[in-house]
Q: 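What follows is a single structure, and I will ask about it in a moment.
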Amino acid sequence: FTHPSSPHHHRPSHRLQMTAQDIDGKAIAATIREELTNKLSTLPSSITTRPGLAVMLVGSRKDSQTYVRMKQKACADCGMESVLAEYPDGENVKEETLLEKIREWNADEKVNGILVQLPLPTHISEEKILREVDPEKDVDGLHPANTAKLFSTSTHAGAVKLNWKDFTSIPFHIPCTPQGCIELLDRINDGNGVDIEGKNAVVIGRSNLVGMPVAMLLLHRNATITIVHSRTKNIEDVIKQADIVVAAVGRANMVQASWLKPGCIVIDVGINSVDDASTKRGYRLVGDVNYAEAKEVCEWITPVPGGVGPMTIAMLLRNTWNSWRRAQGIDD
Ligand SMILES: Nc1nc(=O)c2c([nH]1)NC[C@@H]1CN(c3ccc(C(=O)N[C@@H](CCC(=O)O)C(=O)O)cc3)C=[N+]21
């Protein structure tokens, strides 16, 4: 043991371990998917329907195609149905065509979840499309009826657990990636999780998809939240105060190890591709946090890939399951 005043003692005394532990999102997501698979394979024989996810893919972005394929495979793997409506000629598709498809799915009882893969081509109003989705089937949690509940103070009261049943008597869907971030915090440390209450949580980024909703979820768990963004002054000093850092900006390796408080927890939502000729695909994925360096400072960190990404898909399955069982009147 070095004496606390020794120049070599630059870590808090409670930390004996030099390197952060990875938060294994891939493994945690696999566990959740297995739980759902088990539930679906042990239903009474009187129940003959299965949860169904409808996915809308507009345009021909390679990354969107990959994500949609992963989502459909995930459905099939756990015993859910999925349908895909694909509009490869994204530049020429009419908004009304998409709205009509969504109305069809809203009325289709085999469809329990509707996911519109984002981004949409610029001539299509994302807001208009998302508004058309039946909030009960909005498994992405992006309909204003769902976001309003997430941003409501009345949600605080019962918001101890993430399951919609615990939030309010009115069920709603929570966006998948933010929900996945909280689920990771709940399951680290051999499933014991970390206590979020009273912690300083700094969210980097303010998007509708991640930054703002994840800040709300942390607030509902009684964290003290700060959202930092491109216009924040002294961003490094603010992040330095954080016990929990959620990085969701989409800038490769932006967050430096020197900005982090020793012993903090880092949830890296960023999925940025960086050219790398030495890989098979010609690129590799990196997060918003300089992982290799951060790992020497923080206590827990999500890798990219294998961190938040797989959780997004697991939470999509969970939302679809919840939507279906609610339609069936099944408790859990
Ligand atoms: N309406 C909508 N809902 C979404 O949920 C949505 C969306 N639009 N648009 C795009 C983003 C992105 N997204 C990801 C999902 C899984 C991984 C994932 O599983 N990634 C793997 C690696 C995948 C690979 O190797 O390419 C990982 O991080 O380990 C990543 C990204 C969902 N999104």
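From a predicted model like this one, the values you see are computed outputs, not experimental measurements. Atoms within a ligand are numbered from 1 in the order they appear, just like the ligands themselves. The residues of the chain are indexed from 1 along the displayed sequence.
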Q: What protein heavy atom sits nearest atom 25 (O) of ligand 1, and how far away is it?
A: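 Nearest neighbour among protein heavy atoms for atom 25 (O) of ligand 1, to 0.1 Å: Arg281 NH2, 3.1 Å.
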
Q: Could you tell me whether Lys199 and Asp243 have a side-chain N and a carboxylate O separated by less than 4.0 Å?
A: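 The answer is no: the pair does not qualify as a salt bridge.
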
Q: For ligand 1, which atoms sit closer than 4.0 Å to a heavy atom of Gly309?
A: 16 (C), 17 (C), 18 (C), 19 (O), 20 (N), 28 (O)

Q: Before signing off on this row, confirm whether Gly306 and ligand 1 have an N or O atom pair separated by under 3.5 Å.
A: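 Indeed, backbone or side chain, Gly306 has an N or O that close.
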
Q: Can you check whether Val116 has an N/O within less than 3.5 Å of an N/O in ligand 1?
A: yes

Q: Would you check if Leu53 and Leu316 make a side-chain contact, meaning some heavy-atom pair closer than 4.5 Å?
A: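 Yes. Closest side-chain heavy atoms under 4.5 Å.
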
Q: For atom 5 (O) of ligand 1, which candidate among Lys71, Met56, Met70 holds the nearest heavy atom?
A: Lys71

Q: If you measure from each heavy atom of Val304 to ligand 1, is any distance below 4.0 Å?
A: no

Q: Closer than 4.0 angstrom: is that true for some heavy atom of Cys176 and an atom of ligand 1?
A: no

Q: Please determine if Glu96 and Arg103 form a salt bridge, counting it only when a charged side-chain N lies under 4.0 Å from a carboxylate O.
A: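 Counted as a salt bridge, because a side-chain N and a carboxylate O are separated by less than 4.0 Å.
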
Q: Any non-hydrogen side-chain atom of Val308 less than 4.5 Å from a side-chain atom of Asp268?
A: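 Result no, sub-4.5 Å side-chain heavy-atom pair not found.
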
Q: Under the criterion side-chain contact (heavy atoms from CB on, under 4.5 Å), which of Leu185, Ile301, Val245 is the partner of Ile267?
A: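 The side-chain contact (heavy atoms from CB on, under 4.5 Å) with Ile267 is passed solely by Leu185 among Leu185, Ile301, Val245.
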
Q: Got more than 12 heavy atoms from elsewhere within 6.0 Å of NZ, Lys39?
A: yes

Q: Considering residues, nucleotides and ligands other than Glu127, do more than 12 of their heavy atoms fall under 6.0 Å from its CD?
A: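 No - once you tally the heavy atoms of other residues, nucleotides and ligands closer than 6.0 Å, there are 12 at most.
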
Q: Would you kindly specify which portion of Ile271 sits under 4.0 Å from ligand 1, judged on non-hydrogen atoms: side chain, backbone, both or neither?
A: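 Side chain only; the backbone of Ile271 stays clear of ligand 1.
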
Q: Starting from atom 2 (C) of ligand 1, locate the nearest protein heavy atom and write down its residue, its atom name and how far away it is, to 0.1 Å.
A: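 It is Asp140 OD2, 3.2 Å.
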
Q: Do any nitrogen or oxygen atoms of Gln117 lie less than 3.5 angstrom from nitrogen or oxygen atoms of ligand 1?
A: yes

Q: Does Lys240 come within less than 4.0 Å of Glu236, counting only side-chain N to carboxylate O?
A: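 Result for this pair is no, no salt bridge flagged.
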
Q: Considering only protein heavy atoms, which is closest to atom 31 (C) of ligand 1, and at what distance to one decimal place?
A: Tyr67 CE2, 3.2 Å

Q: Please determine whether any non-hydrogen atom of Thr312 lies less than 4.0 Å from an atom of ligand 1.
A: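 It does; at least one heavy atom falls under 4.0 Å.
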
Q: Which residue and atom name correspond to the protein heavy atom nearest atom 8 (N) of ligand 1, and how close is it?
A: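 Checking every protein heavy atom, the shortest distance to atom 8 (N) of ligand 1 gives Leu118 N, 3.1 Å.
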
Q: So, is Pro119 polar-close to ligand 1, with some N/O to N/O distance under 3.5 Å?
A: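 No, no N or O pair falls under 3.5 Å.
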
Q: Take a 6.0 Å sphere around CZ of Arg50 and say whether it holds more than 12 heavy atoms from other residues, nucleotides or ligands.
A: yes

Q: Going through the distances and angles, do Arg318 and Gln179 end up as a side chain to side chain donor-acceptor pair (under 3.5 Å)?
A: CA-CA 10 Å; Arg318 175 195 279 174; Gln179 198 182 156; 3.2 Å; yes

Q: Provide the number and element of each atom of ligand 1 under 4.0 Å from a heavy atom of Pro305.
A: 22 (C), 27 (C), 28 (O), 29 (O)

Q: What protein heavy atom is closest to atom 24 (C) of ligand 1, reported as residue, atom name and distance in Å?
A: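 Sorting protein heavy atoms by distance from atom 24 (C) of ligand 1 puts Leu285 CD1, 3.6 Å first.
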
